[in-house]
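Owing to the predicted nature of the structure, the values given are computational and were not obtained by experimental measurement. Proteins come first, then strands; the chains are lettered A, B, ... in the order of their sequence lines, and each starts at number 1.
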Number of protein chains: 2
Amino acid sequence: MASISKRPTMIDVARRAGVSSMTVSRALKPNTSVSDGTRERIQKAADELGYVLDSTAAGLSSSRTGFIAVTIPSINNANFADTLRGIVERLRDTNMQVLLGYTNYSTAEEERLIEQFLQRRPEAIVMTGGAHTERCRMLIENSGVPIVETWDLPEVPLGDVVGFSNAEAGRLMVRHFYDQGYRKIGFIGGDTSRDTRGLDRRRGFVQALEELGLETDRLIGSGPPPISMREGAASMKKMLSDWPDTDAVMCVSDLSAFGALTECQRAGMRVPDDIAIAGFGAYDIAEHAIPAITTVDAAALSIGENTAEILLRRLGDADEETPAPSTLIAPKLLARGSTVRPL
Amino acid sequence: MASISKRPTMIDVARRAGVSSMTVSRALKPNTSVSDGTRERIQKAADELGYVLDSTAAGLSSSRTGFIAVTIPSINNANFADTLRGIVERLRDTNMQVLLGYTNYSTAEEERLIEQFLQRRPEAIVMTGGAHTERCRMLIENSGVPIVETWDLPEVPLGDVVGFSNAEAGRLMVRHFYDQGYRKIGFIGGDTSRDTRGLDRRRGFVQALEELGLETDRLIGSGPPPISMREGAASMKKMLSDWPDTDAVMCVSDLSAFGALTECQRAGMRVPDDIAIAGFGAYDIAEHAIPAITTVDAAALSIGENTAEILLRRLGDADEETPAPSTLIAPKLLARGSTVRPL
DNA sequence: ACCGCGTTTGTTATCGATAACAAACTTTTT
DNA sequence: AAAAAGTTTGTTATCGATAACAAACGCGGT
């Protein structure tokens with residue numbers, strides 16, 4: 001054990017193996033021309049010294065840091081966690097490492113993070129959503145780093161997009177309610193500009209109501225994200241007090257939908273007989289609640305996997321200027337007991 | 001705009017401001033002796049060029065990378081997410097950045113991550129739990145990097161510990177059940193060595209049962225983590241079939257407890273009248289379920305905050321050899337409707 | 001005006017690896 | 001056996017910043 005004196009460098013390994021440090025550098029990475037004999041010798045020397053590569057130095061020298069910067073709005077959100085998981089798992093077998101930051105649904109915080117991340121010279125950046133501060137857009141464009149925006153359909157994309165139409169998710173749900181015979185339909189959440197995705201769902205929702213000639217004023221905001229069970233319950237209470245004859249409600253997420261469901265149950269209303277409730281996000285809770293809650297699956301994991309796919313293509317030096325192969329993930333409605341009246 | 005030609009370096013900024021690059025280096029960090037005039041001039045030049053510091057180079061030169069490596073078992077777990085949040089938020093105003101990895105409850109994967117992280121020269125490492133592979137312990141010890149282990153009480157700590165007694169959480173719950181008059185008490189989950197924390201809760205639970213002279217064989221395993229609602233429901237089904245007279249059950253987490261609760265409700269059993277159900281982790285779902293689920297709060301956020309506190313102390317060059325100021329977070333039982341019979 | 005001290009700025013060497021090119025060594029071909 | 005071609009190894013310069021030391025500057029006191 002070389003004790004904590006000082007960490008060994010490639011030169012130390014080289015000396016011990018009787019070669020030059022360049023040969024050590026080569027020997028430690030795959031697909032390089034080093035004879036089996038010396039490679040073994042070097043590996044052995046490295047092990048004996050307890051050598052650990054310094055990727056800071058490697059990064060400086062090769063100008064390839066192996067970092068992918070990723071921002072998500074919140075750690076504590078199963079959808080974004082799944083997207084992240086999709087990215088990380090696809091990247092596991094490469095030498096890429098994820099630099100994670102969470103914005104807390106704030107574009108100002110996002111800007112701060114991006115600014116920090118750019119100092120680390122990431123090879124690509126993945127952002128959730130397409131809403132950014134002006135300065136953030138500028139920083140990114142000046143940096144020349146490839147970008148992927150996810151979970152949204154930005155009007156003016158910064159680069160590639162793995163998109164999802166939140167508006168379409170809202171529309172889907174209105175049609176489902178309508179098919180099931182509901183007419184007095186409301187929406188909970190999605191009132192804040194911080195959660196642009198929730199806002200889009202609500203927008204699509206209202207638009208679909210208009211197309212069907214239904215009332216569009218049963219809207220309850222529930223403040224800044226994250227919207228949780230508590231806010232769902234409180235909002236439902238308000239909905240029932242403001243519009244007691246409401247017969248169907250979509251919530252901005254499954255968590256708030258569950259809160260709304262429990263509120264109805266406490267109030268003695270029967271779901272779906274007296275009122276239908278739906279959410280968004282295909283959370284576990286929606287599947288296991290009684291009744292199970294109708295929801296929209298956004299395929300969060302696929303969004304992550306597709307994102308990673310694009311990253312690998314961009315980094316695997318294909319033509320730099322390949323046009324953005326935007327991917328669109330389609331929303332899928334999962335009809336369940338909370339909106340489907342038994343025969 | 002300097003287009004994508006090449007990124008400007010400190011030398012470019014220095015030239016433009018008519019100073020040396022060393023002065024630029026100083027001007028861009030706080031608390032350095034640079035006159036107000038030149039600092040402004042340099043800042044202006046940097047802005048005009050769109051200069052962005054390269055922390056890879058800075059790290060190599062100063063041997064301070066600003067990285068804190070953190071491993072957690074799963075991204076999709078509100079408790080670990082809270083702990084992470086505690087760390088990140090306390091670190092926000094420093095120049096420290098978190099390198100996150102998740103082990104998927106596997107010590108082999110943990111070892112792989114640690115090996116990767118060490119190449120990045122982190123200034124400290126935070127790990128969840130105290131179970132590591134032999135090689136992982138060795139790598140860490142050889143590296144000389146300060147360590148904090150969390151959420152566990154390792155027998156042989158690698159460094160500082162922000163601990164939590166999972167066994168005590170199990171014991172607490174048994175006593176609570178007993179006080180409420182329950183005697184036929186079982187446990188769901190915690191059978192796998194991958195989730196050492198769940199295992200510890202179960203161990204403490206069984207031990208407390210023994211001390212009270214109660215039966216200790218009502219144990220249902222539920223396979224490898226993460227244990228979710230589905231597994232909770234399935235295990236409860238098995239529990240009721242194997243030991244139909246069971247009158248109280250603790251589940252390894254609130255998620256499985258909720259699954260168990262729904263299973264009981266489907267089976268027409270009344271909670272807590274026919275059977276009591278409790279969980280662990282103080283998840284939202286436990287608070288909002290009907291009835292609300294009794295749980296144990298592990299103060300996940302505090303664990304993170306305390307961890308960050310220790311990190312800052314260790315890095316703020318206090319005496320290197322300060323003895324490990326182990327912190328112990330106490331479990332707190334939250335008694336709710338699922339285990340407390342109405343009068 | 002001169003000395004001395006504190007503050008501001010500059011010089012040089014270095015962090016640890018890799019790119020690019022060059023040299024030495026093997027193997028194949030004719 | 002010599003030339004051609006391929007493989008393995010070495011040399012030198014460099015990535016972009018900072019540490020450590022050195023020099024220049026500014027300012028008050030006498």
Side-chain donor-acceptor pairs under 3.5 Å in residues 300-308 of chain A, sequence neighbours left out?
unit_1, atom_1, unit_2, atom_2, d
A:N306, ND2, A:S302, O, 2.8
A:T307, OG1, A:I303, O, 2.6

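- Residue B:K29 places at least one side-chain N or O closer than 4.0 Å to OP1 or OP2 of D:dT18.
- A:Y105 meets the side-chain hydrogen bond (donor to acceptor under 3.5 Å, both in side chains) test with no other residue; sequence neighbours excluded.
- Residues passing the side chain to side chain contact (heavy atoms under 4.5 Å, CB included) test with B:R120, sequence neighbours excluded: A:S55, A:F67, A:Q97, B:F67, B:L99.
- By the side chain to side chain contact (heavy atoms under 4.5 Å, CB included) test, B:S63 is found to be paired with no residue, residues two or more places apart in sequence or in another chain being considered.
- From one end of the helix from C:dA1-D:dT30 to C:dT30-D:dA1 to the other, with five pairs defining each end axis, the axis direction shifts by 30° (rounded to 10°).
- Evaluation of the side-chain hydrogen bond (donor to acceptor under 3.5 Å, both in side chains) rule for B:T133 yields B:E111 as partners, not counting sequence neighbours.
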Pull out every protein N or O sitting under 3.5 Å from an N or O of nucleotides 7-16 of chain D, one pair per line with the distance.
unit_1, atom_1, unit_2, atom_2, d
D:dT9, OP1, A:S35, OG, 3.2
D:dT9, OP1, A:T38, OG1, 3.1
D:dT9, OP2, A:S35, N, 3.0
D:dT9, OP2, A:T38, OG1, 3.0
D:dG10, OP2, A:S20, N, 2.8
D:dG10, OP2, A:S20, OG, 3.1
D:dG10, OP2, A:T23, OG1, 2.7
D:dG10, N7, A:R26, NH2, 2.7
D:dG10, O6, A:R26, NH1, 3.3
D:dG10, O6, A:R26, NH2, 3.4
D:dC15, O2, A:S61, N, 3.4
D:dG16, N2, B:A57, O, 3.4

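- As rounded to whole Å, 12 Å separates atom C1' of D:dT18 from atom CG of B:L28.
- Residues passing the ring pair (Phe, Tyr, Trp, His ring centres under 6.0 Å) test with B:F117: none are found, sequence neighbours excluded.
- Under the rule for a ring pair (Phe, Tyr, Trp, His ring centres under 6.0 Å), the partners of A:F80 that lie at least two apart in sequence or sit in another chain are A:W151.
- Scanning all heavy atoms of the two residues, the minimum distance from B:P122 to B:T65 falls at CA-OG1, 4.0 Å.
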